[in-house]
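By convention in this document, chain letters (A, B, ...) are assigned in the order of the sequence lines, proteins followed by strands, and residues within each chain are numbered from 1.
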Amino acid sequence: MPDQVVTRFAPSPTGALHVGGARTALFNWAFARKHGGKFLLRIEDTDLARSTEASERSMLEDLKWLGLDWDNEGDVPRQSQHKADGIYDQAIDKLIAADRAYEEDDAIRFRMPDHDITVHDEVLGEVTVKAGQTEDFIIRKGEAGGFMPTFHLAVVIDDAAMGVTHIIRGQEHLNNTPKHIALQQALDLPTPTYAHIPLIFNADGSKMSKRDKAKTARAAAKDANLQPPPPSGEGCSPEDITAFLNKENDDITIATLIAQHLNLTLPEIEVADFRESGYLPETLCTYLALLGWNPGDDVEEQTVKRDYLSANFDLERCGKSNGKFDRDKLAAFSADAIKALPLEVLCDAVWMLNEPTLSLRFANTNDLFFQGFCEAYRERSKTLRDPVKQGAFFFVDDGAITYDFGTKNMKKAMSKGDPNGATLLAKFLPTLEALPKDEFGSAAHDAINTFCEQRELNIGKLAQPIRVAISGSTVTPPIDATLDILGKQSTIARINNCLTAFNNQ
RNA sequence: GCCCCCAUCGUCUAGCCUGGCCCAGGACAUCAGCUUUUCAUGCUGAAGACAGGGGUUCGAAUCCCCUUGGGGGUACCA
């Protein structure tokens with residue numbers, strides 16, 4: 001191990017940071033932290049046409065959100081700048097002078113050596129590529145590419161310039177490594193230690209890509225028998241939608257529109273998607289770390305947090321085989337993490353999601369009713385969005401709750417038995433009305449108990465009709481907590497509405 | 001096609017390097033039971049894998065070879 005370990009994450013800013021990149025970043029970060037070294041960032045923007053500043057900004061933001069801090073904050077090198085500084089041209093001149101590179105058309109090609117090259121990989125072991133197996137490759141693009149260095153030349157030079165000692169990257173680069181080693185040798189640069197980590201795929205083995213969103217939206221549209229026009233909206237015409245449904249494009253905007261219209265969640269691919277869906281950054285780090293790395297001894301998710309990784313991560317325990325991204329497992333980790341959160345932290349995290357409906361009923365994070373709301377849903381939530389999703393009935397007007405008394409569960413709650421739920425509900429209403437506004441939930445709970453005991457009824461006989469009345473469904477958190485959050489006024493109003501609707505059906 | 005990598009339950013994996021403690025352990029998912037005023041949670045239990053074939057060895061998930069399967073690369077993308 002060198003005196004000072006230096007790792008780097010070097011994304012090309014051509015889109016959003018996606019989970020594969022996030023894991024690469026995480027491993028580089030963890031390895032550097034473990035060895036008290038440095039974790040650096042670099043922007044690989046040699047592809048002038050595809051690189052954007054917006055993408056660069058979003059990637060840095062996503063890394064920050066994940067909690068992966070880098071040590072060259074404020075001084076993140078960009079290859080386009082290095083090009084301007086002339087450091088690539090110097091190397092090219094040197095290679096041409098030594099006859100290790102030659103011009104072809106207006107590009108410059110590196111001459112591969114005629115000996116075998118062995119990569120000493122920390123996770124895969126020794127990989128030898130025979131002489132003649134790798135073709136001479138372009139190191140500087142022609143005029144069309146702005147005479148920019150290619151990725152191969154730029155990485156080699158920049159890694160050396162930044163003093164990078166360990167390169168942890170995806171296995172898609174394994175075949176590039178002999179090229180890079182050859183370049184390092186020709187340029188008299190040291191060869192860093194390499195570690196190629198396995199790739200991440202979808203559960204069905206396909207590549208995880210943005211197109212999955214379009215595919216999901218299309219499939220859902222087909223299932224719902226969505227005819228072309230429906231969701232058209234801002235900046236999107238019926239023709240656009242037809243084109244999208246006919247697979248003429250994979251426009252994410254249209255996919256998102258359809259998803260909203262159909263009320264479905266598109267598969268998360270990029271880090272930002274997971275944040276948007278309400279996953280905690282720590283949860284994503286844990287899941288990603290365990291997909292490809294494992295501390296052994298049956299150590300599982302509850303232990304493998306960022307701090308643990310920065311103290312224990314190593315290359316020896318990286319797996320060699322590709323993994324499949326399992327959303328159920330991530331969700332399970334997320335549910336566990338949410339359960340373990342201190343209440344204030346949970347409240348802040350839910351509030352930060354900026355759900356517009358939240359401020360309709362709650363003042364701020366310190367609102368005791370909001371805290372009750374978060375507490376009521378913590379055990380039921382897989383993501384931070386779940387409280388608002390599952391508790392949507394809290395946020396509508398009392399008159400806007402709709403009742404469908406025809407479904408099996410609703411029938412059971414309201415119509416079955418003698419007396420039936422609706423009758424019990426009507427009988428119980430005066431008792432509720434007589435209760436004080438404060439501590440309404442627990443008072444109501446006591447009243448329900450008494451009411452049922454007197455009549456030798458199972459508590460559910462009354463609790464279920466109340467659930468139905470206040471939520472329009474048979475599922476809510478425990479009655480006392482729910483009524484506490486909802487308050488006396490809304491509870492009474494909803495019960496009245498419900499009884500009216502029931503009698504009018 | 002050629003080159004490279006990989007191969008344990010459906011999934012992520014422990015065990016493999018340093019063969020015997022492994023008729024293979026954990027987690028997620030699944031199923032069943034208990035808890036329960038709904039939904040969850042929680043608890044208990046069940047089912048579930050060494051890709052196939054050859055070797056080596058007293059003994060192989062562990063070492064070697066072949067086959068098969070999966071993946072990556074083969075760009076003036078990174």
**OP:** Write down the partner of B/U44 under the Watson-Crick or G-U wobble criteria, each distance required to be under 3.5 Å.
**Re:** B/A32
**OP:** Output yes when at least one side-chain N/O atom of A/K130 is less than 4.0 Å from OP1 or OP2 of B/C2, else no.
**Re:** no
Original post:
Does A/S473 place a side-chain N or O at less than 4.0 Å from the phosphate oxygens OP1/OP2 of B/C39?
Top reply: no
Original post:
Please give, in whole Å, the distance from B/U37 C1' to A/E456 CD?
Top reply: 17 Å
**OP:** Using both distances under 3.5 Å as the test, list the Watson-Crick or G-U wobble partner of B/A49, or none.
**Re:** none
Original post:
Is any side-chain N or O of A/D298 under 3.5 Å from a base N or O of B/A27, one able to act as donor and the other as acceptor?
Top reply: no
**OP:** Could you tell me the separation between the CG atom of A/D297 and the P atom of B/U13, rounded to a whole number of Å?
**Re:** 17 Å
Original post:
Does A/R169 have a side-chain nitrogen or oxygen under 4.0 Å from the phosphate oxygens OP1 or OP2 of B/G72?
Top reply: no
Subject >> Rounded distance in Å - CZ (A/F333) to P (B/C28) >> reply: 8 Å
Subject >> Rounded distance in Å between the P positions of B/U68 and B/A47 >> reply: 36 Å
**OP:** Quote, to the nearest angstrom, the P distance that separates B/G71 from B/C76.
**Re:** 25 Å
Original post:
Touch check for A/V127, heavy atoms < 4.0 angstrom, all strands: base, sugar-phosphate only, or nothing?
Top reply: sugar-phosphate
Subject >> A/I43 CD1 to B/A78 C1', straight-line distance once rounded to whole Å >> reply: 13 Å
Original post:
Taking CG from A/D328 and C1' from B/U13, how many angstroms apart are they, rounded to a whole number?
Top reply: 17 Å
**OP:** Would you kindly check whether a donor in the side chain of A/R467 faces an acceptor in the base of B/U37, or vice versa, at under 3.5 angstrom?
**Re:** yes
Subject >> Separation of B/C4 P from A/Q133 CD (nearest whole Å) >> reply: 6 Å
Subject >> Set of ring pair (Phe, Tyr, Trp, His ring centres under 6.0 Å) partners for A/Y403, sequence neighbours left out >> reply: A/F405
Subject >> Contact check, side chains of A/Y194 and A/I168, non-hydrogen atoms, under 4.5 Å >> reply: no
Original post:
How long is the line joining NZ of A/K320 and P of B/C5, in whole Å?
Top reply: 10 Å
Subject >> Phosphate OP1/OP2 of B/G70 contacted by A/K324 side-chain N/O (<4.0 Å) >> reply: no
Original post:
Under 4.0 Å between a side-chain N/O of A/K412 and OP1 or OP2 of B/U37, yes or no?
Top reply: no
Subject >> Partner nucleotide, any strand, of B/U62 [Watson-Crick/G-U, under 3.5 Å] >> reply: none
Original post:
With both distances under 3.5 angstrom, what nucleotide forms a Watson-Crick or G-U wobble pair with B/U68?
Top reply: B/A7
Subject >> Worked check of salt bridge (Lys or Arg N to Asp or Glu O under 4.0 Å) between A/K141 and A/D106 >> reply: CA-CA 8 Å; A/K141 304 174 192 181; A/D106 59 350; over 6 Å; no
Original post:
A/K83: what forms a salt bridge (Lys or Arg N to Asp or Glu O under 4.0 Å) with it, not counting sequence neighbours?
Top reply: A/D89
Original post:
Does A/Y308 have A/R306 sitting over its ring (NZ/CZ under 6.0 Å from centre, angle to axis within 45°)?
Top reply: no
Original post:
Rounded to the nearest Å, what distance is computed from the CG atom of residue A/L290 to the P atom of nucleotide B/G26?
Top reply: 16 Å
**OP:** Name the nucleic acid region contacted by A/K461, choosing base, sugar-phosphate or nothing; use a 4.0 angstrom heavy-atom cut-off, strictly under.
**Re:** nothing
**OP:** Answer with yes or no whether A/K329 presents, from its side chain, a donor or acceptor under 3.5 Å of a partner atom in the base of B/C12.
**Re:** yes
Subject >> Pairwise side-chain contact, A/N28 with A/R8, heavy-atom cut-off 4.5 Å (strictly under) >> reply: no
